[in-house]
Protein chains: 4
Amino acid sequence: MALHEECGVFGIYDLNGGCARDAYYGLYALQHRGQEACGIATINDLELSCRKDSGLVGEVFSEAELDALNGVMAIGHTRYSTTGGGGRENAQPLTLKYVKGSLAVAHNGNLVNTEALKTEYEYKGAIFHTTTDSEIIAYIIAQERLQSGSIEEAVIRAMAHLRGAFSLVVMSSRKLLAARDPWGFRPLCIGRRGEAYVFASETCALDSVDATFVRDVLPGEVVWVENGELNSIRVQDRPPSRLCVFEYLYFARPDSVIDCQSVYESRLLAGKYLAREFPREADVVIGVPDSGLVAAKGYAIESGIPYNDGFIKNRYVGRTFIKPGQAEREKAVRLKLNPLRAAIENRRVVVIDDSIVRGTTTRQTIKLLRDAGALEVHMLSAAPKFISPCFFGTDIPDKSNLIAANYTTDEICARIDADSLGFLPVELLTKIAPDSMCGICDACFTEDYPTE
Amino acid sequence: MALHEECGVFGIYDLNGGCARDAYYGLYALQHRGQEACGIATINDLELSCRKDSGLVGEVFSEAELDALNGVMAIGHTRYSTTGGGGRENAQPLTLKYVKGSLAVAHNGNLVNTEALKTEYEYKGAIFHTTTDSEIIAYIIAQERLQSGSIEEAVIRAMAHLRGAFSLVVMSSRKLLAARDPWGFRPLCIGRRGEAYVFASETCALDSVDATFVRDVLPGEVVWVENGELNSIRVQDRPPSRLCVFEYLYFARPDSVIDCQSVYESRLLAGKYLAREFPREADVVIGVPDSGLVAAKGYAIESGIPYNDGFIKNRYVGRTFIKPGQAEREKAVRLKLNPLRAAIENRRVVVIDDSIVRGTTTRQTIKLLRDAGALEVHMLSAAPKFISPCFFGTDIPDKSNLIAANYTTDEICARIDADSLGFLPVELLTKIAPDSMCGICDACFTEDYPTE
Amino acid sequence: MALHEECGVFGIYDLNGGCARDAYYGLYALQHRGQEACGIATINDLELSCRKDSGLVGEVFSEAELDALNGVMAIGHTRYSTTGGGGRENAQPLTLKYVKGSLAVAHNGNLVNTEALKTEYEYKGAIFHTTTDSEIIAYIIAQERLQSGSIEEAVIRAMAHLRGAFSLVVMSSRKLLAARDPWGFRPLCIGRRGEAYVFASETCALDSVDATFVRDVLPGEVVWVENGELNSIRVQDRPPSRLCVFEYLYFARPDSVIDCQSVYESRLLAGKYLAREFPREADVVIGVPDSGLVAAKGYAIESGIPYNDGFIKNRYVGRTFIKPGQAEREKAVRLKLNPLRAAIENRRVVVIDDSIVRGTTTRQTIKLLRDAGALEVHMLSAAPKFISPCFFGTDIPDKSNLIAANYTTDEICARIDADSLGFLPVELLTKIAPDSMCGICDACFTEDYPTE
Amino acid sequence: MALHEECGVFGIYDLNGGCARDAYYGLYALQHRGQEACGIATINDLELSCRKDSGLVGEVFSEAELDALNGVMAIGHTRYSTTGGGGRENAQPLTLKYVKGSLAVAHNGNLVNTEALKTEYEYKGAIFHTTTDSEIIAYIIAQERLQSGSIEEAVIRAMAHLRGAFSLVVMSSRKLLAARDPWGFRPLCIGRRGEAYVFASETCALDSVDATFVRDVLPGEVVWVENGELNSIRVQDRPPSRLCVFEYLYFARPDSVIDCQSVYESRLLAGKYLAREFPREADVVIGVPDSGLVAAKGYAIESGIPYNDGFIKNRYVGRTFIKPGQAEREKAVRLKLNPLRAAIENRRVVVIDDSIVRGTTTRQTIKLLRDAGALEVHMLSAAPKFISPCFFGTDIPDKSNLIAANYTTDEICARIDADSLGFLPVELLTKIAPDSMCGICDACFTEDYPTE
């Protein structure tokens with residue numbers, strides 16, 4: 001699977017203090033959304049502090065550093081670098097000091113009008129130090145704050161300038177805010193623990209700090225905590241909501257609930273629909289770890305064919321792993337995924353992956369199964385056919401590298417050496433999130449982009 | 001689950017060179033057997049080199065260091081510190097120079113007569129620099145080498161002194177050896193890749209270097225590679241073989257095959273036997289990640305009750321994780337294991353763990369399930385009741401801390417707040433490894449120790 | 001000696017490339033001007049790269065990093081933190097991207113109107129990320145660039161806003177510039193190596209890259225290299241020039257020549273004038289390492305009393321040194337400076353330090369000499385009496401801590417337990433730099449500040 | 001100057017505790033004797049602890065680590081690697097556990113019979129883990145301890161086996177010992193602070209912990225502290241004593257006193273004798289930093305020609321410095337030593353270095369002086385002509401690389417491009433240490449080796 005992960009954001013307001021430590025646990029729960037860099041900013045006695053660096057949460061923060069960051073508000077960020085260089089200087093939260101005090105911003109998503117905004121503001125005198133969307137967002141909020149009576153008004157006004165995906169947590173000297181773009185591309189939820197409020201990309205981060213789920217931030221909404229109270233305003237004239245479907249299929253943790261839809265249930269459903277669309281005569285159903293596993297269970301439930309583990313994933317293969325040379329790409333896959341011969345040998349196998357992008361990894365995966373003795377390999381993709389890139393933060397390669405944009409299903413089946421192949425039909429996509437309060441963005445399968 | 005993991009050993013002899021890199025991949029595959037420290041020693045042109053340090057394989061070795069270690073033989077080790085201090089100085093392989101040249105030893109297991117051996121040899125003039133078994137084993141091998149015509153004879157002679165568990169890989173200037181104690185407590189297998197030979201704790205490490213399984217090293221056997229040929233001698237007068245049953249239940253990777261028994265199959269069988277012994281009226285079967293998952297699948301298959309994922313494990317909680325304070329132990333469990341409410345709520349749950357040691361973690365796990373809405377929680381342990389410690393390397397606490405040594409099943413059930421509780425009957429233990437060519441050591445359940 | 005050191009700046013334009021490496025050697029030569037942090041920014045194919053961090057030059061840069069920074073222009077900076085926190089985020093050069101491209105600035109000095117400038121620009125919409133003067137200077141240059149036809153004009157226009165001390169090196173996409181404040185508080189010189197041009201705080205940095213001295217940048221001048229040619233413009237309406245006298249007495253390396261005056265000669269002259277003003281009957285003249293040593297040689301030459309080394313300085317006592325507790329301050333001095341008993345015992349000693357600030361270190365130094373057997377200790381200060389703080393970057397404590405602002409010479413003599421005491425008369429200050437093309441700032445001795 | 005430096009040893013016994021911190025300060029004072037690695041071992045409640053690593057004292061120890069090492073006895077070591085690989089594993093003190101308890105050894109010097117000893121003991125069953133002399137010394141002491149009634153007797157007996165240079169500090173569970181080889185090649189002294197005793201390579205280390213000098217350890221003597229009392233025994237049948245003359249000329253700090261001879265005085269005397277032997281018509285006398293400076297002052301005093309500083313040494317050029325490529329060797333010298341033009345230009349210069357080994361650095365040094373405007377350069381060496389290597393720890397290259405072993409003085413003068421050249425006559429060597437209680441080893445000038 002070649003799709004990459006998204007960033008994670010977290011915010012907490014707790015007058016009992018200790019917020020840096022809560023942010024630490026929250027970021028741990030969101031680590032799957034980005035392993036490149038992370039950071040925590042806190043406010044204590046109006047004083048802003050920040051620590052951020054490249055590396056995993058467990059590498060960046062020591063106990064002493066967390067204690068030093070102590071505060072009554074904190075925001076945090078885990079970063080997956082969507083745009084090239086992801087060094088230390090692009091780590092978030094982004095912090096700045098301006099005439100109204102301090103400001104810290106953490107951002108998940110991708111703007112589509114970054115360049116236009118930069119040019120516009122640079123001609124007005126703006127100077128940017130980084131190449132991140134976060135800095136331009138922070139800049140516009142700060143500029144609008146000079147014209148506004150409050151930070152929440154400034155955020156709402158700033159949102160009028162921004163086109164694309166953003167789920168933000170924002171911290172001023174006295175307020176903690178969360179904002180979600182009018183389309184609702186990326187998730188953002190609200191939790192409560194006693195008198196404290198928590199904002200997070202996913203509900204699993206609420207669980208990690210013993211907060212209970214209150215509700216999702218609505219598309220186009222700004223919520224904020226002020227004097228212990230939760231407040232809200234919402235952008236007028238909103239487009240139809242469009243949550244990125246890959247939050248359900250790939251990005252989010254299965255124990256999260258996004259826009260009232262359980263991620264786990266959504267993946268199970270994808271598997272069940274695959275079973276209905278593509279019934280196969282087979283002995284076993286397996287999934288490609290990690291994000292294909294739940295759909296495989298759904299297929300097994302629906303079809304009655306037994307589910308089994310087909311691969312053991314090496315949990316230690318991480319950022320520092322030294323890969324074998326180019327000539328040994330198959331070995332590289334196997335170092336990470338070892339087939340479980342006991343489950344595969346002499347069996348007809350249905351194998352489910354979350355999606356098929358370039359096709360190269362899929363071909364190697366199938367080869368591993370055949371080498372382990374599979375009699376037949378029936379490949380199914382829990383996502384429809386990718387035909388177009390994403391402009392809202394999902395890291396999909398350009399069209400020339402998308403196998404489904406260039407070949408028919410039969411051609412792909414031959415190229416990956418499968419006995420049969422099926423993709424979830426795009427018209428079933430909305431059915432995998434029946435409880436969701438949001439619409440679905442499926443532009444990468446349909447080219448029906450929500451914005452120009 | 002509170003049992004700790006074992007060390008892993010790896011050795012390779014390949015006249016094409018590049019052995020350090022193979023050892024690196026082998027150790028990656030064995031990383032689950034020890035995350036405390038690791039090391040690789042190589043021989044090139046009779047010259048011994050070694051790099052070892054505390055940390056994970058991915059942290060200790062850079063590409064440049066692997067290249068510098070290049071050689072035609074290599075041995076490697078991943079260490080779980082069974083005895084207190086596990087700093088850099090106790091990392092393995094242990095290397096030494098003596099009158100016959102160089103020697104390197106990597107060791108998995110635990111001797112029971114360490115202190116007696118130390119005293120005996122110190123009075124003969126030995127001086128030890130570390131507190132590890134490995135050093136005394138290396139010392140005795142080197143001493144015996146002075147009286148022997150060959151290194152393999154020296155290893156066989158050394159084995160007469162050693163009581164307890166050991167699976168060794170040994171490297172002299174010209175030969176690579178592997179040796180397993182006469183009881184066969186710890187696994188050790190042989191693989192082949194073209195002209196190259198590989199020794200490893202588990203078969204998953206053979207897979208990682210594209211070697212095919214040849215056979216296991218037999219209890220009491222010494223095998224060695226010399227001039228490209230595999231040779232063998234075996235200790236006379238051997239006791240019955242006794243492989244540690246926790247290799248099947250807990251230590252080994254499910255994709256490994258130990259003494260001809262698939263680890264995955266063994267865990268499935270444990271679950272199936274639990275289903276026969278403890279039928280329950282329930283809506284779902286779940287396992288405690290990671291080592292309870294396969295048994296849960298076995299229970300589901302046998303019982304017909306659907307299997308589902310019950311917890312999502314945070315894969316990033318590692319050595320550097322800063323835990324919450326003592327008052328928040330339950331939170332500490334939850335940061336690692338988050339229950340999947342969608343699978344649990346309003347359901348009667350059978351939950352399977354690999355074993356129950358102190359009972360404290362089990363109680364917290366059950367509480368998490370009840371908080372997530374479980375109607376009933378039926379707890380099953382894939383291991384029998386622990387009543388006695390292990391002297392051969394498995395890290396089981398003393399009797400006063402073993403809940404099953406102090407309470408009846410009903411008392412334990414009340415203490416952990418389960419609706420019912422069952423342990424795999426000890427008499428079924430041998431049945432979970434029907435294909436194994438070895439006997440089983442079950443002393444921690446029976447006090448029937450294989451040595452005095 | 002308790003005065004602290006200044007920052008160092010360096011710039012090079014060489015179409016042959018390899019400029020990062022030259023900057024590295026230049027910063028090594030300027031390391032004495034700041035050990036807190038350092039950085040190098042380069043331009044290659046219009047692309048700006050920068051690496052900076054806290055630490056010494058030798059710690060921050062590896063060979064691979066220097067190679068990666070390769071370019072045809074480079075600027076560098078070594079930082080002594082004059083204002084509190086000196087972490088990684090305040091390291092220089094400061095780099096930014098704006099509508100006109102890239103800009104990098106390295107700065108030595110201290111503005112006196114920072115706060116007023118910040119407020120003024122923040123109300124116009126500026127947002128600052130750091131608390132450094134460098135950022136505000138870079139911001140103003142970038143702002144002025146939007147109104148100007150060239151970067152050099154922007155720098156000249158920016159200088160009209162800045163009050164206080166600054167010696168800058170600036171790098172735009174195509175030009176390398178150097179600018180010095182109209183008073184000329186801090187040094188800045190120009191060198192040449194073949195077709196390449198070099199700018200540096202001191203001539204010793206020119207020597208380190210085999211460049212030959214061309215001339216000093218004049219107070220109020222902006223010079224720049226464009227298409228291989230050196231150009232210059234100069235601020236109109238300049239005040240009288242006022243180089244900080246401590247560049248001669250303390251900050252600069254003795255092998256540097258500043259504004260045509262050899263630093264070494266200047267210190268020798270200070271010693272000679274002390275000998276004329278304060279003739280003593282003594283057996284030996286010694287200096288307090290390092291900056292008192294040359295003045296002591298000057299005293300010896302003028303007086304005919306033999307010079308000798310009086311202390312051996314421990315060269316390894318650096319940033320990481322763990323000091324003894326408060327109760328052992330004398331020991332702390334001695335760990336750094338050990339008296340040379342052979343030169344002191346049974347002798348009447350004249351000892352020269354570069355200045356006397358609080359008096360506490362001086363008292364301990366004299367005690368060390370008495371303990372080593374000195375019969376008499378005659379203390380002389382190569383600087384006049386400190387009576388007032390500095391606002392231009394020299395780290396002098398406030399008046400209440402300046403011993404000479406609170407006590408007469410006789411009282412100080414008693415407090416430091418000297419047999420006699422003398423300070424260089426302030427009216428001789430101008431005589432120690434007879435070759436200098438600049439006037440001298442002596443405000444810390446006279447309260448005659450060059451700006452309000 | 002190409003001679004390398006020696007190791008430093010330190011030991012302290014203080015019932016008030018805090019000995020690790022004293023060892024830290026002592027090693028700081030001895031850092032000039034080795035920058036490769038360092039370590040401290042302590043005894044507290046009979047428990048031996050040790051921390052050692054490659055790096056400077058200030059890099060290896062943090063405050064927390066020093067506190068953790070607290071004890072009533074400590075020994076320490078700074079290492080200059082005389083034999084190839086100097087990694088972490090060869091750092092000292094060497095510690096071991098044996099039947100009689102714990103033992104720690106720190107060693108300065110070089111044995112000449114290492115190989116013979118190794119072979120002898122290996123045939124008796126010894127196994128060595130490192131390639132250091134220290135390990136074999138520790139081994140022999142431990143072996144002898146098994147046959148002896150006390151550790152001091154064991155050390156005396158071990159000394160009978162050792163040929164060559166060694167100054168040792170040794171720590172057993174209850175005693176601190178110091179031992180010096182019968183020739184007295186390397187220095188070792190005794191100090192006292194209240195009830196505490198201190199042993200150190202040089203007196204400057206006594207000063208650093210406020211201890212007063214008691215006396216030197218005599219050649220062939222073992223001293224030890226037991227129950228707060230200092231005791232001594234001495235080897236019978238000793239050869240004439242032969243302290244390495246480079247301790248006076250090069251290794252030791254000028255503020256140290258070795259065998260009753262001030263190092264500073266000794267260097268002054270060398271300069272004075274040079275002045276008598278080689279009177280020159282010149283305007284200035286300069287020295288090559290650091291070890292040629294004092295001899296230059298001696299020459300100036302004796303000749304009446306003014307002394308001046310000729311070079312400024314860059315104090316920051318250390319282990320991590322990235323040197324220019326091979327083609328720029330002259331630049332490499334200049335980055336470290338910058339000539340002081342003000343002192344040299346248009347002058348006839350006498351320049352004194354501590355010795356001339358290969359001649360290449362000397363040629364570059366003279367070129368720097370000529371480029372800085374020297375009219376004449378008269379080179380003098382404070383050491384006689386090197387004609388033979390050293391087997392006792394001084395790092396002198398083999399004969400083919402010693403310029404004086406291959407060329408006449410006139411030929412050397414031409415090769416280094418000096419106007420004249422002189423070496424201290426070897427017959428004057430004994431005169432530069434008139435107060436020394438020891439004889440002098442001058443084998444590298446005379447081939448008169450004290451042992452075969």
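So you know, we letter chains A, B, ... as the sequences are listed, proteins then strands, and number each from 1.
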(request) For Gln364(A) and Val333(A), indicate whether the former's side chain and the latter's backbone hold a donor-acceptor pair under 3.5 Å. (result) no
Per-residue contact mode, [X] against chain B (heavy atom under 4.5 angstrom):
{"X": "Glu63(A)", "result": "both"}
{"X": "Ser62(A)", "result": "backbone"}
{"X": "Tyr307(A)", "result": "side chain"}

So which of [options] has the biggest tally of heavy-atom pairs under 4.5 Å with chain B?
{"options": "Asn308(A), Val294(A), Val209(A)", "result": "Asn308(A)"}
{"options": "Ile312(A), Ile322(A), Asp255(A)", "result": "Ile322(A)"}
{"options": "Leu56(A), Asp309(A), Asn314(A)", "result": "Asp309(A)"}

(request) Could you list the residues that satisfy salt bridge (charged side-chain N to carboxylate O under 4.0 Å, His left out) with Arg315(A), not counting sequence neighbours? (result)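 Listed in chain order: Asp290(A).
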Quick check on [X] against chain A: is it the side chain, the backbone, both or neither that has a heavy atom closer than 4.5 Å?
{"X": "Leu293(B)", "answer": "neither"}
{"X": "Tyr28(B)", "answer": "both"}
{"X": "Val263(B)", "answer": "neither"}
{"X": "Pro306(B)", "answer": "neither"}
{"X": "Arg341(B)", "answer": "neither"}

(request) Decide, yes or no, whether a salt bridge links Glu65(A) with Arg51(A) under the criterion of side-chain N to carboxylate O below 4.0 Å. (result) yes
(message) Between Arg334(B) and Asp207(A) (salt bridge meaning N to carboxylate O under 4.0 Å), is one present in this structure?
(response) yes
(request) Kindly assign one of parallel, tilted or perpendicular to the pair Phe61(B) and Tyr24(B), based on the angle between their ring planes and the thresholds 30° and 60°. (result) perpendicular
(request) Could you tell me which non-hydrogen atom of Ala29(A) sits nearest to which non-hydrogen atom of Ala205(A), and how far apart they are? (result)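 Residues Ala29(A) and Ala205(A), closest heavy atoms: CB-CA, 3.8 Å.
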(request) Would you mind reporting whether Ile301(A) and Leu268(A) have side-chain heavy atoms less than 4.5 Å apart? (result)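 SC-SC contact between Leu268(A) and Ile301(A) confirmed.
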(request) Name the member of Pro254(B), Pro339(B), Ser262(B) that forms the most heavy-atom pairs with chain A at distances under 4.5 Å. (result)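 The answer is Pro254(B).
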(message) Please identify which of these residues, Thr203(B), Asp216(B), Leu206(B), meets the side chain to side chain contact (heavy atoms under 4.5 Å, CB included) condition with Val257(B).
(response) Thr203(B)
